[in-house]
J.: 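Before we start, here is the structure in question, set down as structure tokens.
Reckoned from all heavy atoms, side chains included, excluding hydrogens, waters and symmetry mates.
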Amino acid sequence: MRNLSIYFLHDSERDEYEATSRGCRIDVYVKANGALYNVRPYTIFTLQQDFERAHERCGQFSSEPNLIFVKDASKDEIIRAIIHQYDNCIYFNELKPVENIDVGSLTKVY
């Protein structure tokens, strides 16, 4: 049995539409093995766009922390990718947990 829960700050049709249009979500939290993490699902296309914009603006680029690459930023794809990382990788062992986040203010999606 997985010791895993996935939360979004908000989970509405509008949030789903905006996330898939942008190709990322920054409001994803994962509780794994008792610790809470903020992960950033991104499509490779969105990451490339962010890189190009930042490079044009200032010649430098710094990626978001805690990236998970997804095929698209839909809820189902995000959940699938997080479960895969949890089941098959040491991804969550490499992240720093977040503190002072009340999971009661989040929407559990898995």
Side-chain angles (χ1 to χ4, degrees):
M1 181 170 169
R2 293 184 182 104
N3 188 7
L4 176 73
S5 299
I6 303 171
Y7 303 88
F8 291 169
L9 185 57
H10 303 286
D11 182 31
S12 68
E13 287 182 25
R14 181 181 174 145
D15 294 308
E16 176 83 357
Y17 172 78
E18 289 177 0
T20 55
S21 296
R22 280 191 322 267
C24 67
R25 277 195 88 130
I26 61 171
D27 68 333
V28 179
Y29 294 87
V30 177
K31 189 167 188 177
N33 302 321
L36 188 67
Y37 305 95
N38 177 224
V39 299
R40 308 290 174 104
Y42 259 71
T43 65
I44 194 69
F45 179 75
T46 300
L47 186 67
Q48 181 178 356
Q49 284 183 323
D50 289 355
F51 169 80
E52 290 170 358
R53 282 188 211 120
H55 196 267
E56 287 174 10
R57 212 174 32 247
C58 62
Q60 299 294 321
F61 176 73
S62 178
S63 68
E64 290 281 339
N66 304 346
L67 289 180
I68 290 181
F69 290 105
V70 292
K71 179 179 64 175
D72 63 66
S74 67
K75 177 169 63 173
D76 290 341
E77 177 64 15
I78 290 169
I79 291 169
R80 187 202 64 74
I82 290 170
I83 290 170
H84 175 78
Q85 290 296 325
Y86 180 83
D87 287 346
N88 298 304
C89 302
I90 59 168
Y91 177 78
F92 291 100
N93 295 340
E94 303 294 323
L95 300 183
K96 181 179 178 184
V98 295
E99 298 176 4
N100 302 323
I101 301 289
D102 176 20
V103 293
S105 66
L106 304 172
T107 302
K108 187 173 183 178
V109 297
Y110 176 88

J.: Cluster question for you: counting only ILVMFWY and a side-chain heavy-atom cut-off of under 4.5 Å, with indirect links fine, are Tyr86 and Leu95 together?
T.: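 Yes; tracing contacts between hydrophobic side chains, which count when under 4.5 Å, links both residues.
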J.: Please assess Thr43 against Val70 for the test side-chain contact (heavy atoms from CB on, under 4.5 Å), listing each intermediate value before the final yes or no.
T.: CA-CA 5 Å; Thr43 65; Val70 292; 4.2 Å; yes
J.: First locate atom OG1 of Thr46, then atom CD of Gln48, and finally report the distance between them rounded to the nearest 0.5 Å.
T.: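 Result: 10.0 Å between the selected atoms.
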J.: Within a strict 4.5 Å, meaning less than it, do heavy atoms of the Ile78 and Tyr110 side chains meet?
T.: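 A side-chain contact under 4.5 Å is absent here.
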J.: Determine whether Leu9 and Leu106 make a side-chain contact, defined as any pair of heavy atoms from C-beta on separated by less than 4.5 Å.
T.: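 When only atoms from C-beta onward are counted, Leu106 and Leu9 do touch, with a gap below 4.5 Å.
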J.: When rounded to the nearest 0.5 angstrom, what distance separates NE2 in His10 from CG in Asp27?
T.: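 It comes to 7.0 Å.
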J.: Of all heavy-atom pairs between Gly23 and Ala73, which one has the smallest distance, and what is that distance?
T.: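 Where Gly23 meets Ala73 most closely, the heavy atoms are C-CB, 3.7 Å.
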J.: Excluding sequence neighbours, so at least two apart, what forms ring-ring contact (aromatic ring centres under 6.0 Å, His included) with Tyr17?
T.: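 Partners of Tyr17 by the ring-ring contact (aromatic ring centres under 6.0 Å, His included) criterion come out as none, since no residue qualifies.
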J.: Identify whether Tyr7 and Ile79 are in the same connected component of the hydrophobic contact network (ILVMFWY, side-chain heavy atoms under 4.5 Å).
T.: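 Different hydrophobic clusters.
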J.: Quick check: do Arg80 and Asp76 have side-chain heavy atoms less than 4.5 Å from each other?
T.: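 They are not in contact (no side-chain heavy atoms under 4.5 Å apart), so the answer is no.
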J.: Can you establish whether the number of heavy atoms outside Phe69 located under 6.0 Å from its atom CZ is more than 12?
T.: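 More than 12 within 6.0 Å, yes.
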J.: What verdict does the side-chain contact (heavy atoms from CB on, under 4.5 Å) test give for Val28 and Ile82, after you've listed the backbone C-alpha separation in whole Å, the side-chain angles of each residue and the deciding distance to 0.1 Å?
T.: CA-CA 10 Å; Val28 179; Ile82 290 170; 3.8 Å; yes
J.: Between Val103 and Val98, is there shared hydrophobic-cluster membership here, with clusters defined by ILVMFWY side-chain heavy atoms closer than 4.5 Å?
T.: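 Yes.
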J.: Determine whether Ile101 and Asn38 make a side-chain contact, defined as any pair of heavy atoms from C-beta on separated by less than 4.5 Å.
T.: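 No - every pair of side-chain heavy atoms lies 4.5 Å or more apart.
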J.: Looking at NZ of Lys31 and CG of Leu36, how far apart are the two atoms once the value is rounded to the nearest 0.5 Å?
T.: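 These two atoms lie 7.0 Å from each other.
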J.: CD1 of Ile26: more than 12 outside heavy atoms within 6.0 angstrom?
T.: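 It does not: Ile26 CD1 has 12 such atoms or fewer within range.
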J.: Taking atom CD1 of Ile90 and atom CD of Gln85, what is their separation to the nearest 0.5 Å?
T.: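 CD of Gln85 is found 10.5 Å from CD1 of Ile90.
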J.: Contact between Thr20 and Glu77 at the side-chain level, heavy atoms closer than 4.5 Å - yes or no?
T.: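 Not in contact.
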J.: Please list, chain by chain and in numerical order, all residues satisfying ring-ring contact (aromatic ring centres under 6.0 Å, His included) with Phe92, sequence neighbours excluded.
T.: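 So Phe92 forms a ring-ring contact (aromatic ring centres under 6.0 Å, His included) with Tyr37.
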J.: Under a plain distance cut-off of 3.5 Å, with no hydrogens placed, do Ser74 and Asp72 share a side-chain donor-acceptor pair?
T.: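 Present: a donor and an acceptor within the cut-off.
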J.: Atom CG of Asp11 and atom NZ of Lys108: how far apart are they, to the nearest 0.5 Å?
T.: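 With rounding to 0.5 Å, CG (Asp11) is 13.5 Å from NZ (Lys108).
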J.: Flag the pair Glu56 and Arg53 as a salt bridge only when some basic side-chain nitrogen lies within less than 4.0 angstrom of an acidic carboxylate oxygen.
T.: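 Arg53 and Glu56: not salt-bridged.
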J.: When hydrophobic residues are tied together by side-chain contacts of less than 4.5 Å, even through go-betweens, does Phe51 share a cluster with Tyr42?
T.: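 Linked, Phe51 and Tyr42 end up in one cluster.
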J.: Answer with yes or no whether the hydrophobic clustering places Tyr29 together with Leu4; edges join I, L, V, M, F, W, Y residues whose side-chain heavy atoms lie under 4.5 Å apart.
T.: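 Shared cluster, no.
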J.: Would Arg25 count as a cation-pi partner of Phe8, with NZ or CZ less than 6.0 Å from the six-membered ring centre and within 45° of the ring normal?
T.: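 Yes, a cation-pi geometry holds between Arg25 and Phe8.
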